[in-house]
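Here, residue 1 is the first one in the sequence, and each next residue gets the next number.
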Amino acid sequence: MPAKTLKTVPKISVKIWTPILEKLDSKLEKACLRRDAYLSKVLTVELDHLDAEVSIPNSQASYDYIASRLKQLDSKLVSLAISPEAAARVNDICDRKKIVRDAFFNRLFLMLAASPKFIDALLFPDFDGNWRSEVWTEFKHDGPFIQNGFDPLEAPIDPFCAIRWGIDLMNESEKFEDYVDTASGKTFKVVPASIRPAVEPCPSFYTIEFDQKFDNHDLAGLNCYLPDRSIPGTDAELAYRAKLDDILEAFL
């Protein structure tokens, strides 16, 4: 009788900022969840969001800047056992959108591990009111709130659903415009140029800029999208600052 061959799931290697990795591993252990199995399920939802939310690809300058900032963090090499399909899709999206792949995984790990207070500081620093209460009032009869109750074992893992609803509430007062992508022919909403040098993706889970510092480390390396105006020393950054100065002078 021929020996049985064991099926192994291919692994991809990513570098994760050590404090994030330790925090998430501890959190998953307390919840009795296997990290790679859980991440595989999360990715089935999150990769769709990543592709849709980073609607405009990063520039090469942005990609290089994010990668350089990520390298400044004390990171640990981690092998993740995810499906070949998920691995291929991650690579495809990151290639097309010029997303630093390790930046995506670090952002994902961070937001899975982060405390509610830390999430508020990163994504809702200017939200007027309690976004959690507003989300509950607005969406308590929708989506996972109902589905989890009727069929808790079959409900999809969508860990950031409520956060995205909170961002939607935050965006309600904003004015976006239609933008046609010449490559795909698709139309989607963007933040108009106005005082910005160019249009930008709407604020979302993956496009809200992390420009804060944590324990003397800046979080710029955890961005999945960064406009050129946020990159120090670029023509776009200088032009943006000049426009801001002109606006301020007009009010003085």
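- Between L123 and W131 there is no side-chain heavy-atom pair separated by less than 4.5 Å.
- With respect to the salt-bridge test (charged N to carboxylate O, under 4.0 angstrom), the residues K189 and E174 do not qualify.
- Checked options I99, I66, T207; the residue passing with Y225 is T207 (criterion: side-chain contact (heavy atoms from CB on, under 4.5 Å)).
- In this pair, Y206 and F104 present their aromatic rings tilted. The plane angle is within the 30 to 60° band.
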* Which is it for S59 and D228 under the side chain to side chain donor-acceptor pair (under 3.5 Å) test, yes or no, and what are the steps along the way? -> CA-CA 7 Å; S59 68; D228 285 356; 2.5 Å; yes

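- Between the CD1 atom in I12 and the CZ atom in R101 there is a gap of 4.5 Å [rounded to 0.5 Å].
- Classification of D36 and K11 as a salt-bridged pair fails, no side-chain N sitting under 4.0 Å from a carboxylate O.
- Counting heavy atoms from C-beta outward, L80 and R35 have side chains that approach closer than 4.5 Å.
- Between E237 and R241 a salt bridge is recorded (basic side-chain N to carboxylate O distance below 4.0 Å).
- Atom CD of E29 has 12 or fewer heavy atoms from other residues, nucleotides or ligands within 6.0 Å.
- The shortest heavy-atom contact between V180 and G185 is CG1-O, 4.2 Å.
- Residues D218 and Q72 fail the side-chain proximity criterion, which asks for heavy atoms closer than 4.5 Å.
- The shortest non-hydrogen separation linking F205 to I163 is CD1-CG2, 4.0 Å.
- Between K71 and D102 no salt bridge is recorded (no basic side-chain N to carboxylate O distance below 4.0 Å).
- Between W17 and H217, the ring-plane angle classifies as perpendicular under the 30° and 60° cut-offs.
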